[in-house]
Amino acid sequence: MEFNMQDNDGGTPEQLRVDALTQAAQATLKKDGDTAVQLWVKCCALSRIIFGDAHVELARCHIELASVYLELKGFWEQSLSHAVKGRDILLLVEKHVTSHDTRLLALYHNSWACCTIGRALMMCDQLKEAGASLRDAELMCTECGKIISCSYSGPSPRADGNDDSTHPHIVTMVTVARLEEDIACALARLSFKQNNYELAGRYFTKAVDHHISHHGNSSEGLIVLLQELARVCPHHSSSHLMKYASPPCPLLMPSFRQKATARIIQLLLRRCLLPWISAN
């Protein structure tokens with residue numbers, strides 16, 4: 001898919017980019033895959049015109065596009081292509097980076113790119129390569145957290161490196177933790193595919209902890225994570241889920257019970273809580 005610069009309202013590339021970033025983010029939040037793809041392609045083209053071929057913002061747009069292809073369209077080949085493109089751009093950026101802020105941005109987006117690459121490779125059953133990419137993502141994301149918590153004292157850097165964006169991507173402990181949750185989920189699903197149920201349980205538990213710390217214990221996303229964790233438990237000790245079996249246990253919260261279906265609650269109880277209660 002290509003973006004034609006003639007198809008615009010006569011604004012400057014900078015203004016067109018600001019508008020496109022805002023619209024692309026909105027389309028992504030609304031899960032409008034077709035529109036989001038078109039707009040992120042436009043963002044990629046405009047970012048290349050404005051910043052050149054080696055800039056964090058160009059890499060971010062490719063990674064955003066890769067995520068949309070994967071999550072909203074289910075197109076792993078296109079997702080893999082753009083995620084690899086974003087990662088390659090970041091390798092160019094890292095050769096010339098001198099700013100602490102840019103280094104942190106490059107590291108964060110490289111972690112995001114590797115996570116997306118790993119998830120795309122899982123969809124085509126290239127599990128060994130997926131695992132290598134996801135472990136790289138995990139290491140880089142952990143390093144981001146260390147940099148922010150231990151050594152970074154300035155203002156949170158912007159992903160576009162400029163002040164004109166109306167859709168900045170801020171690298172903070174919150175955004176790093178969200179990425180950590182995504183990576184943990186991907187590694188858990190990969191471990192499950194590889195029949196490593198103990199490791200899958202640990203990674204699902206890590207993802208649940210990250211999710212609760214930032215979304216509370218009554219979100220719909222938590223229902224999905226706990227359901228996946230429950231499916232792991234029949235294959236090994238259910239100790240991973242026991243931490244959620246006592247107050248303030250998400251399984252016992254009224255708000256959770258109102259959102260969760262009866263089938264999920266029964267699944268969690270039958271496979272995890274009741275065997276544990278009987279054994280104790």
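- For the atom pair OG1 of Thr205 and CG of Leu225, the computed distance is 10.0 Å after rounding to the nearest 0.5 Å.
- Counting only residues at least two apart or in different chains, salt bridge (charged side-chain N to carboxylate O under 4.0 Å, His left out) contacts with residues 177-189 comprise Arg189-Glu228.
- Shown here for Thr35 and Ala27, the closest heavy-atom pair between the two residues is CG2-CB, 4.0 Å.
- In this structure, the separation between CG on Leu16 and CG on Leu21 is 11.0 Å, given to the nearest 0.5 Å.
- Judged by distance alone, the side chain of Ser111 and the main-chain N or O of Leu107 form no donor-acceptor pair under 3.5 Å.
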Does the pair Asn110 and Glu94 meet the rule for a side-chain contact (heavy atoms from CB on, under 4.5 Å), with working shown? CA-CA 10 Å; Asn110 207 344; Glu94 291 172 355; 3.4 Å; yes
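- Taking the six-membered ring for Trp and thresholds of 30 and 60 degrees, Trp112 and Tyr108 have ring planes inclined between 30 and 60 degrees apart.
- The closest donor-acceptor contact from the side chain of Ser213 to the backbone of His210 lies under 3.5 Å.
- If you chain together hydrophobic residues whose side chains sit under 4.5 Å apart, Val174 and Ile183 never meet in one group.
- Considering every non-hydrogen atom in both Ala130 and Leu190, the closest pair reads C-CD2, 4.3 Å.
- Taking the side chain as every heavy atom from C-beta outward, Leu179 and Thr175 never approach each other to under 4.5 Å.
- Ser133 places no side-chain N or O within 3.5 Å of a backbone atom of Glu129 that could act as its donor or acceptor partner.
- A side-chain donor-acceptor contact under 3.5 Å links His109 to the backbone of Leu105.
- Both Ile63 and Val93 are members of a single hydrophobic cluster when ILVMFWY side chains are connected at heavy-atom separations under 4.5 Å.
- Tyr69 and Val84 sit in two unconnected hydrophobic clusters of ILVMFWY residues. Membership requires side-chain heavy atoms under 4.5 Å apart, directly or through other members.
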Show your reasoning for whether side-chain contact (heavy atoms from CB on, under 4.5 Å) applies to Asp53 and Ile89. CA-CA 7 Å; Asp53 293 328; Ile89 292 170; over 6 Å; no
Verdict with reasoning, Arg60 to Trp40, per side-chain contact (heavy atoms from CB on, under 4.5 Å): CA-CA 10 Å; Arg60 175 173 80 93; Trp40 283 117; 4.2 Å; yes
Check the pair Asp125, Lys193 against side-chain contact (heavy atoms from CB on, under 4.5 Å), reporting the backbone distance first and the verdict last. CA-CA 9 Å; Asp125 290 325; Lys193 278 178 171 283; 3.8 Å; yes
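- No donor-acceptor pair under 3.5 Å is formed between the side chain of Ser47 and the backbone N or O of Cys44.
- Residues Phe75 and Val37 fall within the same hydrophobic cluster, defined by Ile, Leu, Val, Met, Phe, Trp and Tyr side chains chained together at heavy-atom separations under 4.5 Å.
- Taking CZ of Arg202 as the reference point, atom CG of Asn196 lies at 7.5 Å (rounded to 0.5 Å).
- For the residue pair Ala20 and Leu46, the shortest heavy atom distance occurs at CB-CD1, 4.4 Å.
- Atom SG of Cys185 is separated from atom NZ of Lys206 by 11.0 Å, given to the nearest 0.5 angstrom.
- Linking ILVMFWY side-chain heavy atoms closer than 4.5 Å, directly or via other members, places Leu121 and Leu65 in two distinct hydrophobic clusters.
- Taking all atoms of both residues into account, the shortest heavy-atom contact from Ala66 to Ala83 is CB-N, 3.5 Å.
- Between Phe192 and Tyr197, the ring-plane angle classifies as perpendicular under the 30° and 60° cut-offs.
- To the nearest 0.5 angstrom, Gln38 atom CD is 11.5 Å from Gln23 atom CD.
- Among residues at least two apart or in separate chains, side-chain hydrogen bond (donor to acceptor under 3.5 Å, both in side chains) pairs with a member in residues 71-81 are Asp34-Lys73, Glu71-Arg119.
- Inter-residue side-chain proximity for Met122 and Leu134 is flagged as met; some heavy-atom pair is nearer than 4.5 Å.
- Nearest heavy atom pair, residue Ala54 against residue Leu92, reads CB-CB, 3.9 Å.
- Inter-residue side-chain proximity for Glu64 and Cys43 is flagged as unmet; no heavy-atom pair is nearer than 4.5 Å.
- Met123 contributes atom CE, which lies 11.0 Å from atom CG of Leu80 (distance to the nearest 0.5 angstrom).
- Across all non-hydrogen atoms, the minimal contact from Ala137 to Cys115 is CB-N, 3.6 Å.
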